[in-house]
Amino acid sequence: MSARRRIAIVGCGIGAQHLDALLLAQDLWEVRVLCDRDLGRAKAQAARVPGAEVSTSLEEVLAREDVDVVDICLPPALHVPAVRAALQAGKHVVCEKPLASSLAEIDAIAALARTTGRVVCPVYQYRFGNGLRKLWRLIEAGVPGRALVATVETHWDRGPAYYRVPWRGRKESELGGVLVSHAIHAHDLVTEILGPARRVHAFTATRVNCIETEDCAAACLEMADGALVTLSVTLGSAEEITRLRFCFAHLTVESALSPYRPSGEPWRFVPRDAETAAEVKTLLEDFRPGPEGFHGLFTELALSLEEGEEPPVTLADARRSIELATALYYAAATHEMVELPLRTSHPAYSGWLRWLPA
Ligand SMILES: NC(=O)c1ccc[n+]([C@@H]2O[C@H](COP(=O)([O-])OP(=O)(O)OC[C@H]3O[C@@H](n4cnc5c(N)ncnc54)[C@H](O)[C@@H]3O)[C@@H](O)[C@H]2O)c1
């Protein structure tokens with residue numbers, strides 16, 4: 001293993017949890033700079049890392065030669081300009097969700113990443129969990145069989161205190177509501193596991209908080225292989241859960257219910273018959289857990305940079321997630337069924353913001 005990757009965290013809200021993960025992976029990462037325009041926030045995190053420096057300016061961070069990777073944890077509307085500036089400065093980039101509010105922006109970022117030869121790793125940390133890893137092991141062995149249906153519930157709770165942060169709940173700064181700020185993770189897992197959707201219907205509503213953006217949604221998807229999926233989303237659930245439930249021909253699968261760690265243990269695998277039960281048992285008996293959440297993402301990212309391989313989450317992955325969000329917003333706005341993939345000629349290719357309710 002060569003030298004540790006030197007990283008700067010820009011934005012010290014969720015950035016503090018990224019730091020937790022980077023400190024768990026100290027053999028792979030050296031945190032050089034904590035940046036936040038709120039100096040107190042940057043200092044509070046820097047105090048956790050001997051030798052780390054603080055900054056209040058992204059530009060200052062990008063000018064540093066001792067930073068290889070910039071981890072963008074800024075409010076959503078700042079993501080695209082920050083990612084572009086970081087790539088242009090020759091840095092690899094990690095960026096929080098949503099990476100962008102249009103397919104056009106994702107495609108432009110992908111082009112810039114190719115030109116600069118730098119990597120962009122969008123943050124979808126729910127992809128790193130031991131329950132989900134078990135499902136992948138079963139899928140790779142062909143155990144579950146054909147996907148029939150799935151349901152996804154993102155039932156979380158957010159109130160006025162959460163929306164006191166000025167960028168939240170506003171179209172211009174949050175770039176959307178619960179579909180892209182909260183449920184984006186569970187919805188990403190569905191398309192990761194089942195493949196892309198080919199047709200979607202959706203409804204959105206603002207029923208919980210006095211905000212501009214949606215905080216409830218219902219949608220149904222027909223996946224490319226014909227499986228049917230129902231999405232249910234709210235920020236008004238007294239009990240918080242995230243649950244993914246898949247009915248495959250030979251296996252019913254239910255995720256953990258932990259709202260922010262549904263891909264961790266425990267997952268339930270219910271086989272249809274004794275033969276499937278035996279296969280599941282054999283395949284999972286020597287399962288070894290790996291690092292989860294942000295820790296899993298940063299661990300795999302460091303290893304991929306070392307090997308010169310694709311990052312553990314790619315721009316193509318983010319594109320699929322952004323494409324689904326675009327289709328859901330467009331369907332909700334027009335009351336049309338939307339067919340995917342969305343072409344560059346689609347009216348929402350250049351973004352969903354104009355399709356959000358006024
Ligand atoms: N992956 C997840 O599970 C997860 C969870 C929470 C938030 N997020 C995402 O992370 C991003 C940040 O969310 P948050 O909840 O941490 O927000 P936050 O408001 O708590 O933190 C953002 C920080 O960025 C700083 N900041 C704003 N503009 C700046 C600038 N120009 N230069 C330097 N610092 C600046 C603010 O001072 C603030 O401390 C959002 O995109 C959000 O959707 C992801």
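In each ligand, atom 1 is the first atom listed, and ligand 1 is the first ligand listed.
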Q.
Whether the W355 and T326 side chains hold a donor-acceptor pair (N or O, under 3.5 Å, no angle test) is what I'd like checked.
A. no
Q. Considering residues at least two apart in sequence or located in another chain, which fulfil the side-chain hydrogen bond (donor to acceptor under 3.5 Å, both in side chains) criterion with R133?
A. N130
Anything under 3.5 Å between a donor and an acceptor, one on a side chain of residues 68-77, the other on a protein residue two or more places apart or in another chain? List them.
residue: D68; atom: OD1; partner: R6; partner atom: NH2; Å: 2.9
residue: D68; atom: OD2; partner: R6; partner atom: N; Å: 2.8
residue: D68; atom: OD2; partner: R6; partner atom: NE; Å: 3.2
residue: D71; atom: OD1; partner: H18; partner atom: ND1; Å: 3.2
residue: D71; atom: OD2; partner: H18; partner atom: ND1; Å: 2.7

Q) Is there a donor in the side chain of H155 and an acceptor in the side chain of S232, or the other way round, less than 3.5 Å apart? A) yes
(Q) Suppose we screen for ring-ring contact (aromatic ring centres under 6.0 Å, His included). Which residues come up paired with F246, at least two apart in sequence or across chains? (A) F248
Ligand 1: protein N/O within less than 3.5 Å of ligand N/O:
residue: ligand 1; atom: 1 (N); partner: E96; partner atom: OE1; Å: 3.0
residue: ligand 1; atom: 1 (N); partner: E96; partner atom: OE2; Å: 3.1
residue: ligand 1; atom: 1 (N); partner: Q125; partner atom: OE1; Å: 3.1
residue: ligand 1; atom: 1 (N); partner: Q125; partner atom: NE2; Å: 3.4
residue: ligand 1; atom: 1 (N); partner: H185; partner atom: NE2; Å: 3.4
residue: ligand 1; atom: 3 (O); partner: Q125; partner atom: NE2; Å: 2.8
residue: ligand 1; atom: 3 (O); partner: H185; partner atom: NE2; Å: 3.3
residue: ligand 1; atom: 15 (O); partner: R168; partner atom: NH2; Å: 2.8
residue: ligand 1; atom: 16 (O); partner: I14; partner atom: N; Å: 2.6
residue: ligand 1; atom: 19 (O); partner: W167; partner atom: NE1; Å: 2.8
residue: ligand 1; atom: 20 (O); partner: R41; partner atom: NH1; Å: 3.2
residue: ligand 1; atom: 21 (O); partner: R41; partner atom: NH1; Å: 3.4
residue: ligand 1; atom: 34 (N); partner: R37; partner atom: N; Å: 3.0
residue: ligand 1; atom: 37 (O); partner: D36; partner atom: OD1; Å: 2.5
residue: ligand 1; atom: 39 (O); partner: D36; partner atom: OD1; Å: 3.2
residue: ligand 1; atom: 39 (O); partner: D36; partner atom: OD2; Å: 2.5
residue: ligand 1; atom: 39 (O); partner: R41; partner atom: NH1; Å: 2.7
residue: ligand 1; atom: 41 (O); partner: L74; partner atom: O; Å: 3.4
residue: ligand 1; atom: 41 (O); partner: H79; partner atom: NE2; Å: 3.1
residue: ligand 1; atom: 41 (O); partner: K97; partner atom: O; Å: 3.0
residue: ligand 1; atom: 43 (O); partner: K97; partner atom: O; Å: 3.1
residue: ligand 1; atom: 43 (O); partner: K97; partner atom: NZ; Å: 2.8

Q. Got a donor-acceptor contact below 3.5 angstrom from the E323 side chain to the L342 backbone?
A. yes
